[in-house]
Amino acid sequence: MAVTKIWNIRGRADSPLEYITNPEKTQREFTEAERQALADVIAYAADEDKTEQFFYTTGINCSVEFARDQFNATKIRFGKTGGNVAYHAYQSFREGEVTPDEAHEIGVQLAKELWGDRFQMVVATHVNTKCTHNHIVINSVSFRDGLKFHDCNDTYRQLREASDRICLERGLSIVENPKGRGVNQYVYKMEKAGMPTRYNVARQAIDEAVSLSLNIEEFKYELRKRGYNYRFDPQRKYWTITPPGGKKSIRIHKLGEDYTRESIERQIYENDPSVRTERLRQHYRQPNNYNLRRRIDRIMGRSGLEKLYLRYCYELGYLPKCQQSPTKLHILLKEDLLKCDQYSEQAKLLSRYHVDTEKDLSDLMDNIEGRVKELSSDRDEFRRMTRRVLPESEISDAKSKVKELTAEIRELRHELKVCRDIQERSDHVRENLAAIDKERSRERAR
């Protein structure tokens, strides 16, 4: 199954500053980052450990050995030495489906067919993984007309279609129904770690609304109660919802197979009225997942900053052994839900040192800073001992002591950072809690 990708290569400011220039090509000096980035990508593609001693590398309109200099010469010739230095295309095959020779032949055919009449390229076939795959490094400037390589959605479509056609002609498998872009890496990692995102919070809201509805109108009503706006126009191709306080809508079919229009309608109409009634009774009988009175009473018995942060963690649902439902949070807390770990750590520090007032916090910071200076002075002395002519056992003990003191200093500096965060965020926490209490008072008065 051939899989394809393409991306741009830019110079990197942190690349190693080492290369030898050709005196005949110094009319316009490339930056070291540009030269190194181009050298890196060509070297990666032609890595001997992956390509069997260059047996599976081919230069198109250039030689593999001098590809970097030839790429740069083309840029200098047409006066286009800025921007992307190259483009990197990728083609991978199903495990065991092709031999290295056939994979390389396909890669060269693909590169020549798409860009061989205008661009210099290096094609390399890697055989160091289970799935044999091709790398194609393409110069960013055409040797034929000096025009730049244009990378866009249409370019990738042409790459995928040409790769699929060549593979099918050779009896190889392809991806039948490519899904396009998936969830971005940040959202994927957040969801994998169990942290709330706008997507898994939306899934939970939809699941709850579906379980409590017998028709689409009830489903809309349940979404509105949770603060969601929706567009379920039958003339529109996709159903969309907008989270509370958000501006960007979500196409619900992108939340998963169970969230397409057809799937949601089927689940709603298959709901048993008696089961739905019991769900409603349970849903409104137990609005929280923990014993609210006992826990809040324990919090209200504290005072000062400690009480403030414990109450905030309670509102976020992040006290030990309980987890708040993200869809039931007050809208002011949605953003801070992603910072639960930080607020929890701050609350623990306040409890550990019995900090009640701003002055207590300031005194604690002074004490920590003084302790850090004291330990740093001791560490410097032990470091000096390691450089003296002493018995090996004493030097070893001094090194161990340096290691212990470094760990202790690191922990103290982290605590100092937590204290500074508390100073910065305490007003924000007070304002949010005051707004929540004010709103709840208005609701009780109705």
Side-chain angles (χ1 to χ4, degrees), residues 186 189-190 193-198 201 243-246 290 292 295-326 328-380 404-442:
Y186 174 75
K189 289 177 181 178
M190 291 287 286
M195 294 295 287
T197 67
R198 68 196 300 259
V201 170
Y290 45 83
L292 186 147
R295 193 175 294 279
I296 196 64
D297 284 346
R298 286 161 54 190
I299 293 172
M300 300 310 283
R302 308 296 177 93
S303 62
L305 286 172
E306 182 184 2
K307 173 183 175 181
L308 179 73
Y309 273 80
L310 287 173
R311 162 83 190 284
Y312 205 61
C313 289
Y314 167 80
E315 294 290 349
L316 289 169
Y318 204 72
L319 288 176
K321 297 184 181 180
C322 79
Q323 183 62 50
Q324 177 73 286
S325 169
K328 297 176 183 177
L329 285 178
H330 192 280
I331 190 171
L332 289 174
L333 304 179
K334 294 284 186 179
E335 184 176 345
D336 283 345
L337 192 58
L338 299 178
K339 302 174 184 175
C340 276
D341 289 334
Q342 298 174 30
Y343 284 112
S344 175
E345 185 178 23
Q346 291 160 17
K348 289 175 183 177
L349 183 138
L350 293 169
S351 297
R352 183 162 63 249
Y353 291 105
H354 306 291
V355 176
D356 288 334
T357 66
E358 299 288 348
K359 186 179 183 305
D360 291 341
L361 184 62
S362 180
D363 290 343
L364 175 61
M365 292 173 66
D366 291 340
N367 290 337
I368 293 175
E369 287 176 345
R371 182 62 178 157
V372 168
K373 288 180 181 178
E374 180 183 335
L375 293 177
S376 296
S377 178
D378 293 343
R379 184 177 63 177
D380 290 342
E404 292 175 9
L405 290 171
T406 298
E408 191 173 350
I409 290 170
R410 185 184 301 114
E411 180 63 28
L412 288 171
R413 284 176 174 163
H414 179 70
E415 288 188 347
L416 194 59
K417 179 182 180 299
V418 175
C419 289
R420 293 193 183 104
D421 290 341
I422 293 172
Q423 281 186 326
E424 293 175 2
R425 295 182 183 178
S426 56
D427 288 340
H428 167 75
V429 171
R430 287 191 187 93
E431 290 171 4
N432 278 358
L433 290 177
I436 291 170
D437 290 340
K438 186 176 180 180
E439 184 174 318
R440 287 175 179 169
S441 297
R442 285 199 304 264

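Keep in mind that what you see is a predicted model, and the values were worked out from it rather than measured. Heavy-atom basis, side chains included; hydrogens, waters and symmetry copies ignored.
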Value rounded to 0.5 Å, distance of CZ in Arg410 from CG in Leu375: 13.0 Å

Side-chain ion pair, Arg352 and Glu415, N-O less than 4.0 Å: yes

Test log, rule side-chain contact (heavy atoms from CB on, under 4.5 Å), inputs Val372 and Leu416: CA-CA 10 Å; Val372 168; Leu416 194 59; 5.7 Å; no

Sub-4.5 Å side-chain heavy-atom contact between Ser377 and Lys373: no

Interatomic distance, Tyr312 atom OH to Ile436 atom CD1 [nearest 0.5 angstrom]: 6.5 Å

Arg379 side, atom CZ; Glu374 side, atom CD - distance, nearest 0.5 Å: 13.5 Å

Minimum side-chain heavy-atom gap Leu308-Leu305 below 4.5 Å: yes

Heavy-atom side-chain proximity of Asp378 to Leu405 below 4.5 angstrom: yes

Glu345 side chain reached by Leu349 side chain, heavy atoms, under 4.5 Å: no

Rounded distance (nearest 0.5 Å) linking atom NZ of Lys307 with atom CG of Asp356: 11.0 Å

Student check: side-chain heavy atoms of Arg413 and Lys417 closer than 4.5 Å: no

Leu364 vs Cys419 side-chain heavy atoms within contact, under 4.5 Å: yes

Heavy-atom check, side chain of Asn367 versus side chain of Arg371, under 4.5 Å: no

From OH (Tyr309) to CZ (Arg430), nearest 0.5 Å: 8.0 Å

From CG (Asp363) to CE (Met365), nearest 0.5 Å: 11.0 Å

Heavy-atom pair of closest approach, residues Asp360 and His354: OD2-O, 4.4 Å

Short side-chain to backbone donor-acceptor contact, Ser441 and Asp437, under 3.5 Å: yes

